[in-house]
Amino acid sequence: MTGIVESYLERLQSASSQDECFELMFEVVRALGFSSFAYDYTPVTRSHDGRVLTPNLLRTYGMPDDLEDLWLNHGYYARDIAWLACHDWSVPFVWTCDTCLVSDDSSIRLDSGPVYRKVSDYFADVRITVGINVPVHVPGGGLATINALKMDPERTFLKDARRSLAPFTDCAYHLQAAVSCFFDSSVLRCRHVRLSEREIECLRLSAQGYTTEQVADRIFRSVPTAALHLKHAAQKLGARNRAQAIARAAHYRLLDGAS
């Protein structure tokens with residue numbers, strides 16, 4: 001396994017695109033005996049009221065054709081027991097269907113009640129029943145989950161998966177460092193709330209302590225226009241006042257990059 005990791009790290013250094021990074025990782029996944037690979041990234045994991053947010057980026061290799069649509073557009077992500085665990089855990093783990101193990105002797109189990117049954121049944125139906133999930137919590141609150149999965153695993157494969165946990169985790173962290181260099185604003189900006197660039201600019205200035213009159217002066221617009229931008233921003237954020245709008249904009253990382 002050491003050779004697999006060393007070869008991967010060497011080739012990853014010269015990767016010239018996001019796709020190449022993922023394709024190299026898929027090679028590692030197959031070399032470790034797994035059949036499938038999935039990666040997702042969420043810049044802000046939860047809404048201001050605690051709801052889990054849809055990832056901005058999802059890439060899958062060797063997975064069923066309908067998985068991405070079901071996961072992103074039909075709410076499967078919000079009922080994926082292993083993926084939800086990644087929001088609260090920083091420890092990589094091996095899972096088997098709807099049971100997750102942090103380590104061989106761990107007594108930690110995830111709630112596998114009926115709310116999660118639809119997704120666990122789906123994975124059972126497509127015969128993907130063993131996997132590794134590596135949660136990577138990045139600065140600023142973003143989350144990447146990097147996953148190796150096995151279709152039709154042999155009876156003894158769970159032991160193999162546990163042996164692969166350490167080298168796969170090593171590769172996963174290097175993957176995140178490499179692939180993040182290719183992220184653009186469409187990946188890095190939270191999509192849960194959509195504000196115009198002007199509305200964001202006005203909120204940034206307001207967050208820095210500028211009055212409405214000063215905001216108007218900075219953006220070279222009239223005071224009523226600046227006030228309207230701030231009003232629309234607050235409405236889109238569901239905020240009752242400007243202070244709450246600024247707090248929610250900060251939560252969604254809309255103020256990042258303010259000078």
Side-chain angles (χ1 to χ4, degrees), residues 1-43 45 54-72 77 80 82-83 85-87 89-95 100 123 126-140 142-154 157-189:
M1 289 188 184
T2 302
I4 294 172
V5 174
E6 290 178 349
S7 174
Y8 166 74
L9 296 182
E10 182 178 348
R11 298 170 65 193
L12 188 64
Q13 290 179 357
S14 59
S16 59
S17 68
Q18 179 176 284
D19 287 344
E20 187 175 356
C21 292
F22 290 138
E23 288 162 4
L24 288 171
M25 191 62 173
F26 186 36
E27 290 182 18
V28 170
V29 165
R30 289 182 294 184
L32 293 174
F34 292 84
S35 59
S36 310
F37 166 64
Y39 173 95
D40 63 83
Y41 178 76
T42 315
T45 59
T54 311
N56 279 16
L57 176 64
L58 172 64
R59 295 296 300 273
T60 62
Y61 294 78
M63 301 287 278
D65 293 339
D66 62 347
L67 183 135
E68 290 193 21
D69 179 55
L70 290 171
W71 210 74
L72 290 176
Y77 71 93
D80 185 334
W83 184 74
C86 291
H87 287 67
W89 295 356
S90 58
V91 180
F93 55 92
V94 176
W95 57 265
C100 294
F123 279 107
V126 298
R127 310 190 312 280
I128 295 176
T129 54
V130 176
I132 294 175
N133 277 33
V134 178
V136 183
H137 295 270
V138 303
L143 171 67
T145 73
I146 303 167
N147 319 289
L149 308 101
K150 178 66 171 177
M151 183 179 291
D152 293 328
E154 300 82 1
F157 187 77
L158 184 57
K159 291 183 179 179
D160 296 334
R162 287 169 175 157
R163 284 194 293 268
S164 298
L165 183 59
F168 179 74
T169 298
D170 189 10
C171 292
Y173 275 94
H174 281 90
L175 170 67
Q176 179 57 29
V179 79
S180 62
C181 297
F182 301 105
F183 286 173
D184 58 21
S185 60
S186 68
V187 176
L188 294 173
R189 178 172 290 181

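Taking CG of Leu158 as the reference point, atom CZ of Arg163 lies at 10.0 Å (rounded to 0.5 Å). Put simply, CZ on Phe22 and CG on Leu175 are 6.0 Å apart, with the number rounded to the nearest 0.5 Å. Taking CG of Asp160 as the reference point, atom CD of Glu154 lies at 7.5 Å (rounded to 0.5 Å). Thr145 OG1 to Leu58 CG: the interatomic distance, rounded to the nearest 0.5 Å, is 8.5 Å. To the nearest 0.5 Å, atom CG of residue Leu24 and atom CG of residue Asp19 are 11.0 Å apart. With rounding to the nearest 0.5 angstrom, the CG atom of Asn147 is 13.5 Å from the OH atom of Tyr61.
Proximity of Tyr41 to Ser180: side-chain heavy atoms (C-beta onward) are nowhere separated by under 4.5 Å. You'll find the side chain of Val29 stays beyond 4.5 Å of the side chain of Cys171, heavy atoms only. Contact of the Ile4 side chain with the Pro167 side chain is not registered, since no non-hydrogen atoms from C-beta on lie closer than 4.5 Å. The side-chain heavy atoms of Tyr173 and Val134, taken from C-beta on, include a pair separated by under 4.5 Å. Side-chain contact check for Leu143 versus Pro135: some heavy-atom pair is nearer than 4.5 Å. With a 4.5 Å cut-off on side-chain heavy atoms, Met63 and Ile128 count as touching. Between Pro43 and Val187 there is no side-chain heavy-atom pair separated by less than 4.5 Å.
Nearest approach of Phe182 to Ala15, heavy atoms of both residues: CZ-O, 3.7 Å. Closest of all the heavy-atom pairs between Ile132 and Ala161 is CD1-O, 3.5 Å. Residues Lys150 and Gly33 share a closest heavy-atom pair of NZ-O, 3.0 Å.
A donor-acceptor pair under 3.5 Å is formed between the side chain of Ser14 and the backbone N or O of Arg11. Judged by distance alone, with hydrogens and angles left aside, the side-chain atoms of Thr42 form no donor-acceptor pair with the main-chain N or O of Thr45 at under 3.5 Å. His137 places a side-chain N or O within donor-acceptor distance of the main-chain N or O of Cys86, the cut-off being under 3.5 Å. Ser7 places no side-chain N or O within 3.5 Å of a backbone atom of Gly3 that could act as its donor or acceptor partner. For the pair Asn56 (side chain) and Arg189 (backbone), a donor-acceptor distance under 3.5 Å is present.
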Candidate pair Asp80 and Phe123, rule side chain to side chain contact (heavy atoms under 4.5 Å, CB included), full reasoning: CA-CA 10 Å; Asp80 185 334; Phe123 279 107; 4.2 Å; yes
Audit row: Phe168, Met25, side chain to side chain contact (heavy atoms under 4.5 Å, CB included) steps and yes/no: CA-CA 9 Å; Phe168 179 74; Met25 191 62 173; 3.3 Å; yes
Test side chain to side chain contact (heavy atoms under 4.5 Å, CB included) applied to Asp40 and Tyr77, step by step: CA-CA 10 Å; Asp40 63 83; Tyr77 71 93; over 6 Å; no
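Looking at Gln176 and Tyr39, their side chains do bring a donor and an acceptor atom within 3.5 Å of each other. Defined by atom type and a distance below 3.5 Å, a donor-acceptor pair is present between the side-chain atoms of Asp184 and Ser186.
With sequence neighbours left out, the side-chain hydrogen bond (donor to acceptor under 3.5 Å, both in side chains) criterion links Arg30 to no other residue.
Using cut-offs of 30° and 60° for the angle between ring planes, the Phe37 and Phe26 rings count as parallel.
Aromatic rings from Phe157 and Phe34 are positioned such that their centres are separated by under 6.0 Å.
No more than 12 heavy atoms of other residues, nucleotides or ligands sit less than 6.0 Å from atom CG of Asp65.
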